[in-house]
Amino acid sequence: MADKWANLDDAMTASRKKTIAELFAEDPDRAKRFSVEAAGWFLDYSKNRVDRAAMKSLVKLAEESGLKDEIERMFTGEKINRTENRAVLHTALRNCDPAAKVFVDGKDVMPDVRATLARMGDFADRVRTGKWRGYTGKRIRYVVNIGIGGSDLGPVMANLALTPYAKRSLRFFFVSNVDSTHLAETLRAVKPAETLFIVASKTFTTQETMSNARAAREWLVGRLPGVNPNDVVSRHFVAVSTNADEVSKFGIDTANMFGFWDWVGGRYSLPSAIGLSLMIAIGRANYAKFLKGYWKMDCHFRTAKFEKNMPVIMALLGILYSDGYGAETYCCLPYDQYLARFPAYLQQMDMESNGKGVDRDGKPVSRATGPIAWGEPGTNGQHSFYQLIHQGTHLIPCDFIGCCKTHNPIGDLHDKLMANLFAQTEALAFGKTAEQCRAEGVPEELVPFKTFTGNRPTNTLLCKELVPETLGALIALYEHKVFTQGVILNIYSFDQWGVQLGKVLAKGVLADLTAEKPAGGHDGSTAQLIARYRAAVGR
């Protein structure tokens, strides 16, 4: 393990002596040399603190980590999620090869994947055409997805991203937080007789999701009085789950239950039945294009040489900054308002996957893992936090994402948006020297304040237009980037044990919040907080 990192450390020690500006000066073809295209996306990674020798060392790091074999293990259904003894097969969900066979425990999973996708399409068609109606016979005009984590973040992000392709006579809402305000404000915006609820929970026992679902059911039944509650529920609720017993107990007809499999992780589940709300919004034809985009990036990742492999390149650059330069975060900056929720989606994908403190042998890691992912859309961030990125003391690598064409051409607004994107990457890379400031007539006392050091690394991702196919490819790009980093860091990226402890403790705290007499047993701080809460609500 030490040797594979030593090569990188040596190359980085040499390359860090030169700035991005010096690297461009040395190599007139640098921009062309450090660019790659795949699945409708163009990546310019030339504005990074890396030379050709360092890139070769990074590629060698991936090779010596056994990445090629790990990729094949994932795509072929081996149980690479070892702590849960599960395969990791979100790639099977979007495999567009009609002859493809993917086996888990000796069974080809592709027939079930295709059958579920067909059922989703049939149901989406019925809702979109008005053939599926509520209990009173009215058309569905509102769709409310109730889920949390991967059952919410993906559908929210993708529904917003593909708004231009949505059926505008339908309105979509997403409830995730167990805070009653989230549900209450949503229910104020919909009409009970015209609302379809999608309850998305694999086990149908997730506390937040089922609490919101039961409250929504009570609301619906209470506003359609004088009818059989189960009949009402069966026309206004469908489930994305694998627990038929709990779904049936809730009152949902299991014929309207859309399942997925234990080899689909929550944060990778958007192309499964979790994407039902998206299919209803954009229709099955556009949904097929969405999956095709995923598949194109999957094929690229699986077959392209590492030095021309877009997810691998982005992963290696991330490793360089987190483990070589000590960068603790990276910033995702989509210059497209439809991608406003993409940074939040990345937070779960990356931080829940690689936020690990032990390696695959259960030993403490020796390298930094799981960078903090964050970001905001478009020029909003420029008037918020870019000051720190440009002139602060933190190194913050940034991914800029842009689309050459807009769905909403208004005057020269899109030209101005893209000009800002390109200018920001230029400013971050090359900065502004004190001599340049003086040449512009900046008073000497202000020169230190108007000098920009530059040498701040960025990637720029461009597509022609944000369409279903390019969105699918973009998501897959980051999925495979995260996977690659997990392999190199020798950690398991597909479990999430860290989220469990708080959930378990919350059950005991809830009992003490609501009991006639608390059982106690908490630390002094938690006991004090419980007591104050109980006093405030009169218990």
Side-chain angles (χ1 to χ4, degrees), residues 39-40 90 93-98 113-134 138-147 151-174 190 194-200 235-240 255-260 269-297 336-339 341-342 345 403 405-408 463-476:
H90 44 276
L93 299 170
R94 61 267 191 141
N95 191 320
C96 296
D97 180 356
V113 169
R114 297 184 187 108
T116 298
L117 193 62
R119 287 185 62 235
M120 289 168 60
D122 292 343
F123 181 77
D125 287 346
R126 293 172 69 192
V127 174
R128 289 167 60 86
T129 60
K131 291 181 180 178
W132 177 281
R133 293 181 179 253
K138 291 186 176 182
R139 287 185 66 144
I140 297 299
R141 301 195 183 277
Y142 309 93
V143 177
V144 179
N145 187 90
I146 301 177
S151 300
D152 171 75
L153 287 164
V156 169
M157 178 276 295
N159 271 271
L160 175 59
L162 297 181
T163 298
Y165 299 89
K167 188 175 180 65
R168 298 284 182 160
S169 60
L170 291 169
R171 292 184 63 195
F172 293 83
F173 300 84
F174 300 87
V190 303
E194 301 173 24
T195 300
L196 174 71
F197 293 93
I198 301 172
V199 184
R235 298 303 301 173
H236 291 270
F237 280 82
V238 298
V240 179
N256 301 318
M257 182 182 86
F258 301 87
F260 52 114
S269 63
L270 178 57
S272 74
I274 291 295
L276 181 61
S277 63
L278 179 63
M279 184 178 274
I280 294 172
I282 66 175
R284 68 198 304 170
N286 281 320
Y287 197 84
K289 294 176 183 177
F290 175 60
L291 297 183
K292 186 177 181 181
Y294 270 109
W295 183 60
K296 283 186 174 181
M297 187 61 76
D336 189 303
Q337 189 62 30
Y338 287 129
L339 288 173
R341 294 296 293 166
F342 193 68
Y345 179 69
C403 308
K405 295 178 67 177
T406 177
H407 289 283
N408 302 293
C463 68
K464 182 177 180 181
E465 189 174 17
L466 186 63
V467 298
E469 192 167 308
T470 49
L471 177 65
L474 181 66
I475 298 168

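- Listed by chain and residue number, Glu194 satisfy the salt bridge (Lys or Arg N to Asp or Glu O under 4.0 Å) test with Arg141 (two or more places apart in sequence, or in another chain).
- For Gly259 against Ala273, the heavy-atom pair with the smallest separation is O-CB, 3.9 Å.
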For this session: Give the intermediate values and the outcome of side chain to side chain contact (heavy atoms under 4.5 Å, CB included) for residues Met120 and Tyr287.
Result: CA-CA 10 Å; Met120 289 168 60; Tyr287 197 84; 4.0 Å; yes
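- Identified under the salt bridge (charged side-chain N to carboxylate O under 4.0 Å, His left out) test for residues 152-166, with sequence neighbours left out: none.
- The side-chain heavy atoms of Leu117 and Phe258, taken from C-beta on, include no pair separated by under 4.5 Å.
- Between Cys403 and Glu465 the shortest side-chain heavy-atom distance does not fall below 4.5 Å.
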Problem set entry | side chain to side chain contact (heavy atoms under 4.5 Å, CB included) evaluation trace for Asn408 with Gln337 | CA-CA 11 Å; Asn408 302 293; Gln337 189 62 30; over 6 Å; no
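- With sequence neighbours excluded, the residues that form a side chain to side chain contact (heavy atoms under 4.5 Å, CB included) with Leu162 are Tyr165, Leu278, Ile282, Phe290, Pro468, Leu471.
- Ring geometry for Phe197 against Phe237 counts as parallel: the plane angle stays under 30°, on a 0 to 90° scale with 60° as the upper cut.
- With contacts defined as side-chain heavy-atom distances shorter than 4.5 Å, the pair Val199/Val238 does not qualify.
- Shortest non-hydrogen contact noted between Leu291 and Pro271 is CD2-CB, 3.6 Å.
- Between the CE atom in Met157 and the CZ atom in Phe342 there is a gap of 6.0 Å [rounded to 0.5 Å].
- At a threshold of 4.5 Å between non-hydrogen side-chain atoms, the residues Val143 and Thr195 do not count as touching.
- In this structure, CH2 on Trp295 lies 7.0 Å from CG on Asn95, to the nearest 0.5 angstrom.
- The distance from the CG atom of Leu153 to the CZ atom of Phe174 is 11.0 Å, given to the nearest 0.5 Å.
- In Arg341, the CZ atom is not crowded: 12 or fewer heavy atoms of neighbouring residues, nucleotides or ligands sit closer than 6.0 Å.
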Exercise. Passes side chain to side chain contact (heavy atoms under 4.5 Å, CB included), Ile198 versus Val240? Steps please.
Worked result: CA-CA 7 Å; Ile198 301 172; Val240 179; 3.8 Å; yes
Sequence neighbours left out, cut at 3.5 Å: what donor-acceptor pairs do the side chains of residues 121-129 make with other protein atoms?
unit_1, atom_1, unit_2, atom_2, d
Asp122, OD1, Arg284, NH1, 3.1
Asp125, OD2, Arg284, NH1, 2.7
Arg128, NH1, Ile280, O, 2.9
Arg128, NH1, Ala281, O, 2.8
Thr129, OG1, Asp125, O, 2.7
Thr129, OG1, Arg126, O, 3.4

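- Under the side chain to side chain donor-acceptor pair (under 3.5 Å) criterion, Ser277 pairs with Asn159, sequence neighbours left out.
- Shown here are the salt bridge (Lys or Arg N to Asp or Glu O under 4.0 Å) partners of Lys289, two or more places apart in sequence or in another chain: there are none.
- Residues meeting the ring-ring contact (aromatic ring centres under 6.0 Å, His included) test with Tyr345, sequence neighbours left out: none.
- With sequence neighbours excluded, the residues satisfying side chain to side chain contact (heavy atoms under 4.5 Å, CB included) with Arg133 are Arg139.
- By the 4.5 Å heavy-atom criterion applied to side chains, Leu93 and Phe260 are not counted as neighbours.
- Every side chain to side chain contact (heavy atoms under 4.5 Å, CB included) that Thr470 has, sequence neighbours left out, goes to Trp41, Cys463, Leu466, Val467.
- No donor-acceptor pair closer than 3.5 Å links the side chain of Trp132 to the backbone N or O of Leu196.
- Judged as a side chain to side chain donor-acceptor pair (under 3.5 Å), and not counting sequence neighbours, Asp97 has no contacts.
- Take Ser269 and apply the side chain to side chain contact (heavy atoms under 4.5 Å, CB included) test, not counting sequence neighbours, and it matches Val264, Ser272, Ile274.
- Looking at residues two or more places apart in sequence or on another chain, you find no side chain to side chain donor-acceptor pair (under 3.5 Å) involving Asn145.
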